[in-house]
Structures are given as structure tokens and as C-alpha cells.
Chemist: 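Dumping the structure here so I can ask a few things about it.
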Amino acid sequence: MPHARGAGPATAEDAPPEAGPQVQEESVEVPPTEHQRPHDSEPSAVRPEAAAERQQDAAGGGEPGGPPAEYRDRINDITAVFDAADDLARLAAAAVDAERLDQEFTARYGQQHANTINLRELRGHLAYLQGQLGVAVRWCLHTAGLQTQLWGSGHQVTQGSVQRAVHIWLSIPDPQESLTIGRELLTMLEAVTGEDSGLSRKVRARLEAMSTPGGATQ
């Protein structure tokens with residue numbers, strides 16, 4: 001990887017929170033996983049593009065139809081690598097470009113703006129494509145927290161973010177990492193979907209099973 005920070009969020013300004021819908025202004029150090037490739041028949045639940053388009057239409061803090069014209073070519077260059085998911089060098093370079101653009105958007109618009117949130121969703125998807133599943137889940141939780149503050153927990157893009165988080169979390173191969181991130185995921189799920197939602201119950205039951213002897217090391 002050409003840039004040490006391309007592996008995941010590392011700055012105090014843009015680092016995803018560990019849990020909860022409130023954005024934490026602190027770093028989260030996430031050790032990257034091995035390059036476990038996502039399934040080739042990747043379901044739409046893990047791709048943020050459709051949600052990002054809806055987000056722009058609904059945003060009170062962003063322009064409908066996408067980001068300003070001066071950024072579109074750079075964003076298109078980033079999203080173009082989604083169709084070259086086996087090219088790790090291109091993915092790493094795109095992650096660096098996305099981080100730089102995130103810094104520009106954060107400085108120009110702030111965190112609670114559709115343009116910034118959309119860009120961070122793309123960063124999460126790049127982490128997913130690089131096999132950094134735990135990082136990808138935390139980006140989903142981070143964007144869900146921002147979406148909750150901007151549009152509310154019941155908005156479709158907020159719900160979409162937590163659904164993607166669950167889908168990716170279920171693919172984390174390491175039991176201890178899955179257990180740790182699952183606890184953060186459950187906190188967000190309960191805040192966004194409610195303690196008795198189907199997703200919350202599913203994740204809670206899985207965590208309970210993982211916490212029993214033979215499930216996962218605590």
C-alpha cells in the first residue's frame with residue numbers, strides 16, 4: 001500500500017467512532033485483516049452508491065444530483081476501481097485519493113453534510129474491497145451516526161448503512177475481531193433500529209453464542 005493511512009481511518013477529524021450514533025472526535029486504530037476477497041457476486045447491500053444518490057436528493061446539507069462539478073472527475077476515478085476489485089494497487093491508490101478528498105470535503109462542508117457522508121461511504125466500500133472488513137463495518141457505523149444526526153434514525157439511508165454493517169460483519173472471519181466489532185454494531189443497531197428489531201435480535205443472539213465457551217475468546 002502506497003500510503004500507511006490508506007488501510008483505514010486514522011485522523012482525529014475523520015475517524016469513525018467505536019460505537020453509538022454520536023460522532024466521536026478521536027482516532028480508532030483498526031489492524032487491517034488479511035486480504036480476504038469479498039464474494040464475486042457481491043450483493044447490493046454492501047454497495048453504497050444507491051444510498052448515496054438517495055442521500056443527495058434528501059439532503060438539507062448537500063446539493064441534489066451529486067457533488068459540485070469540480071469534484072466529479074475525482075470521485076468518478078475513485079468509483080471506477082469498484083469494477084477492478086482484484087487490482088489491489090489501484091484499490092490502495094483510490095483509498096489514498098478518497099482520504100485526501102475526505103479531508104477537503106470536511107474542511108469545506110463539515111462532517112454533517114451529504115457530500116462528506118457520501119465520500120466516507122465510498123471509503124468504507126474501498127476498505128471492504130481491500131478485505132479490511134472490520135474497517136468497513138466501522139465506516140458504516142460512522143456514516144450511520146452522521147446520518148442519524150442529519151436525517152434521523154428512521155431515514156432510509158441511515159437504515160441502509162446499518163444493514164450494510166451487519167452484512168459485512170457477518171463475513172468477518174476472526175472470532176475475536178467479530179466479537180469486539182459486533183458489540184459496537186449492536187450499540188448502533190439498538191440506537192437506529194430499536195432493541196427489538198429483527199437486526200438487533202439477530203446480532204445480539206450471535207454475540208451471545210460467540211461469548212459462550214467454545215464460541216469466541218473474550
Side-chain angles (χ1 to χ4, degrees), residues 8-28 30 44-72 74-76 78-79 95 98-128 135-169 181 184-195 197 199-200 203:
T11 67
E13 186 171 51
D14 66 4
E18 292 194 357
Q22 298 300 316
V23 178
Q24 303 289 328
E25 298 295 331
E26 58 186 48
S27 298
V28 176
V30 184
S44 60
V46 302
R47 296 183 68 90
E49 295 93 328
E53 291 173 2
R54 291 196 301 270
Q55 214 167 282
Q56 290 290 352
D57 293 337
E63 298 82 0
E70 64 263 34
Y71 294 107
R72 287 175 187 164
R74 292 171 66 185
I75 291 176
N76 288 339
I78 293 169
T79 58
E99 180 184 5
R100 290 171 180 160
L101 195 54
D102 186 351
Q103 293 170 349
E104 293 180 35
F105 277 19
T106 302
R108 179 171 177 176
Y109 303 110
Q111 289 197 109
Q112 293 182 1
H113 190 286
N115 291 339
T116 308
I117 296 171
N118 290 349
L119 201 284
R120 293 183 183 185
E121 285 191 307
L122 295 183
R123 292 185 70 182
H125 192 56
L126 287 168
Y128 173 80
V135 176
V137 172
R138 283 182 166 135
W139 274 120
C140 289
L141 298 182
H142 174 63
T143 55
L146 294 175
Q147 290 157 353
T148 296
Q149 295 180 52
L150 189 56
W151 296 298
S153 60
H155 197 281
Q156 59 184 344
V157 296
T158 311
Q159 297 286 320
S161 290
V162 294
Q163 290 167 11
R164 282 193 297 278
V166 172
H167 178 88
I168 299 170
W169 174 70
I181 295 178
E184 301 172 23
L185 173 61
L186 182 60
T187 298
M188 178 63 79
L189 276 177
E190 291 177 345
V192 171
T193 68
E195 294 184 5
S197 70
L199 279 177
S200 293
V203 171

Chemist: When you measure from the side chain of Ser197 to the backbone N and O of Gly194, does any donor-acceptor pair fall under 3.5 Å?
Modeler: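 Present.
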Chemist: Shortest non-hydrogen contact from Gly124 to Ala136?
Modeler: O-CB, 3.5 Å
Chemist: Verify side-chain contact (heavy atoms from CB on, under 4.5 Å) between Leu146 and Arg120, making sure each step is shown before the conclusion.
Modeler: CA-CA 10 Å; Leu146 294 175; Arg120 293 183 183 185; 4.0 Å; yes
Chemist: Closest heavy-atom contact between Phe105 and Thr116?
Modeler: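 Result for this residue pair: O-OG1, 3.6 Å.
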Chemist: Test of understanding: with side-chain hydrogen bond (donor to acceptor under 3.5 Å, both in side chains), list the residues that count as partners of Ser153, not counting sequence neighbours.
Modeler: none
Chemist: Do you know which two heavy atoms are closest between Cys140 and Ile168, and how far apart they sit?
Modeler: SG-CD1, 4.1 Å
Chemist: Is there a donor in the side chain of Thr143 and an acceptor in the side chain of Arg123, or the other way round, less than 3.5 Å apart?
Modeler: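 Short answer, no.
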Chemist: Which class fits the ring pair Tyr128 and His125: parallel under 30°, tilted 30 to 60°, perpendicular over 60°?
Modeler: parallel
Chemist: Going by heavy atoms in the side chains, are Ile117 and Trp151 under 4.5 Å from each other?
Modeler: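 The answer is yes; the side chains approach within 4.5 Å.
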Chemist: Measure from the side-chain N and O atoms of Thr158 to the backbone N and O of Gly154, and report whether any donor-acceptor pair falls under 3.5 Å.
Modeler: no
Chemist: Using 0.5 Å steps for rounding, measure from the CG atom of Leu101 to the CG atom of Leu122.
Modeler: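 Spacing of CG (Leu101) from CG (Leu122) equals 9.0 Å.
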Chemist: To the nearest 0.5 Å, what is the distance between CG on Leu126 and CD on Glu99?
Modeler: 11.5 Å
Chemist: Does any non-hydrogen side-chain atom of Val157 lie less than 4.5 Å from one of Glu121?
Modeler: no
Chemist: Just to verify, what does Glu104 make a salt bridge (charged side-chain N to carboxylate O under 4.0 Å, His left out) with, not counting sequence neighbours?
Modeler: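 Glu104: salt bridge (charged side-chain N to carboxylate O under 4.0 Å, His left out) contacts with Arg74.
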Chemist: In sequence, state the C-alpha distance, the side-chain angles, and the governing distance for Glu195 and Ser200, and then conclude on side-chain contact (heavy atoms from CB on, under 4.5 Å).
Modeler: CA-CA 6 Å; Glu195 294 184 5; Ser200 293; 5.6 Å; no
